Amino acid sequence: MKQMIARLAVAAVAMTVMAGGAFAAEYPKNKPREQSWTFAGPFGTFDQAQLQRGLKIYTENCSACHALSRVNFRNLADLGYSPEQIEALASQYEVEDGPDEFGDMFFRPATAADAFPSPFPNEEAARAANAGAYPPDLSLIAKARAPIRGFPAFVLDPFRMYTENGPDYIYSLLTGYKDEVPEDVNVPEGLWYNPYFASGVALAMAPPLFPDMHEFDDGTEATVSNMAKDVSAFLMWTAEPHLEERKQLGFRVMVFLLIFAALLYLSKKQVWSRVEH
Ligand code: HEC
């Protein structure tokens, strides 16, 4: 019996290692670099100032190519903005509406009830402007891009409660452009070499961040690394705005279960105390 259990255990370990190896994809060439995030771990919370900086980077920069179709302007109240500030920001964007009484579609300034629109009228126009590649909607990108971690990380991740794969990937991508291309790598015309890109050696997005291109009221230095981190945190919020509530609920459930277990143990002792041995 003992021998069988030992054999089964060895087989399970071997299969886990093999599975890790089999899923280890060719790309990204470089694994995302793990960052420390305020929203990591069982008690993690978003850093509101960081999310505000991230929003600024998105609106001044990324929104020139990427939509956030699942984030309505009014959701920005979560980041501490007043209704007036939200209306003011929304009115800088135009959304298509209609048809009017003549059956024509028309453009109007966005309101708090609209989502961040795509700057392109359709996918074909977006591709035509970006070397044939489509700038994806960024609302859920922090969840959609989570490169497979391989062995042993994927076995350890649940114990470490590691779920920041997405923001680590976005951060690494934004800071991962390299001028020097290794000799054995062939970068197609019009693409940019980036060994952190999940689907190839190069991508159609030119490096979007440069030092000092944004200014922050709170005095945060606009290094590429700082900006990449802030915008990645912001995209984690767009993908999971209720992360904090989820973590708090998880904690409450654990406390409830602990108290419940203690009560069950005490009542079991009480009930069995009258049984004669
Ligand atoms: C000039 C247009 C442009 C701007 C500005 C831009 N992007 Fe992109 N982005 C693209 C294009 C095009 C792609 C698709 C690249 C491809 O698939 O080859 C892309 C892809 C991405 C991806 C997905 C990568 C993947 O794994 O598929 C992320 C994440 C991203 N951009 C984030 C950002 C962020 C954050 C900003 C602002 C700091 C930004 N982008 C600014 C054009 C842009």
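Here the structure is a predicted model, which is why all the values come from computation and not from measurement. When a ligand or atom number is given, it counts from 1 through the structure's own listing order. Side chains are part of it too, since the values below use all heavy atoms of this structure and drop only hydrogens, waters and symmetry mates.
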>> Can you tell me how the ring of F46 sits relative to the ring of F39, calling it parallel under 30°, perpendicular over 60° and tilted otherwise?
In response: tilted

> Looking only at N/O atoms, are R145 and ligand 1 under 3.5 Å apart anywhere?
Replying inline: yes

>> Keeping N194 on the side-chain end and L173 on the backbone end, is there a donor-acceptor pair under 3.5 Å?
In response: yes

> Going by the atom numbers of ligand 1, which of them fall below 4.0 Å from some non-hydrogen atom of N61?
Replying inline: 5 (C), 37 (C)

> Does CG belonging to D179 count more than 12 external heavy atoms closer than 6.0 Å?
Replying inline: no

>> Looking at E221, I'd like to know if its CD atom is crowded, meaning that more than 12 non-hydrogen atoms belonging to other residues, nucleotides or ligands lie closer than 6.0 Å.
In response: no

>> Looking at every heavy atom in both S225 and Y171, which two are closest together, and how far apart are they?
In response: OG-OH, 2.9 Å

> Within the structure, does Y169 bring an N/O atom to less than 3.5 angstrom of an N/O atom in ligand 1?
Replying inline: yes

> Are there more than 12 heavy atoms of other residues, nucleotides or ligands under 6.0 Å from atom CG of D100?
Replying inline: yes

> How far is atom 17 (O) of ligand 1 from its nearest protein heavy atom, and which residue and atom name does that atom have?
Replying inline: F197 CZ, 3.9 Å

> Are any of the N or O atoms of A204 closer than 3.5 Å to those of ligand 1?
Replying inline: yes

N/O donor-acceptor pairs under 3.5 Å from side chains in residues 126-139, not counting sequence neighbours:
unit_1 : atom_1 : unit_2 : atom_2 : d
R127   : NE     : E123   : OE2    : 3.0
R127   : NH1    : G132   : O      : 2.9
R127   : NH2    : E123   : OE2    : 2.8
N130   : ND2    : A126   : O      : 2.9
D137   : OD1    : S69    : N      : 3.4
D137   : OD1    : S139   : N      : 2.9
D137   : OD1    : S139   : OG     : 2.5
D137   : OD2    : S69    : N      : 3.0
D137   : OD2    : S69    : OG     : 2.5
S139   : OG     : S69    : N      : 3.1
S139   : OG     : R70    : N      : 3.0

> Taking the six-membered ring for Trp, are F116 and F73 parallel (under 30°), tilted (30 to 60°) or perpendicular (over 60°)?
Replying inline: tilted

> Does atom CZ of F251 have more than 12 heavy-atom neighbours, drawn from other residues, nucleotides or ligands, at distances under 6.0 Å?
Replying inline: no

>> Among all the protein's non-hydrogen atoms, which is closest to atom 14 (C) of ligand 1, and how far away is it?
In response: Y134 O, 3.6 Å

> How far is atom 24 (C) of ligand 1 from its nearest protein heavy atom, and which residue and atom is that?
Replying inline: L173 CD2, 3.7 Å

>> I need the atoms of ligand 1 closer than 4.0 Å to a non-hydrogen atom of A133, numbered in the order shown.
In response: 16 (C), 18 (O)

> Taking atom 8 (Fe) of ligand 1 as the center, what protein N, O or S atoms are found at less than 2.8 Å?
Replying inline: H66 NE2, M205 SD

> Hey, any chance M205 and F197 share a hydrophobic cluster, counting ILVMFWY side chains that come within less than 4.5 Å of each other, even indirectly?
Replying inline: yes

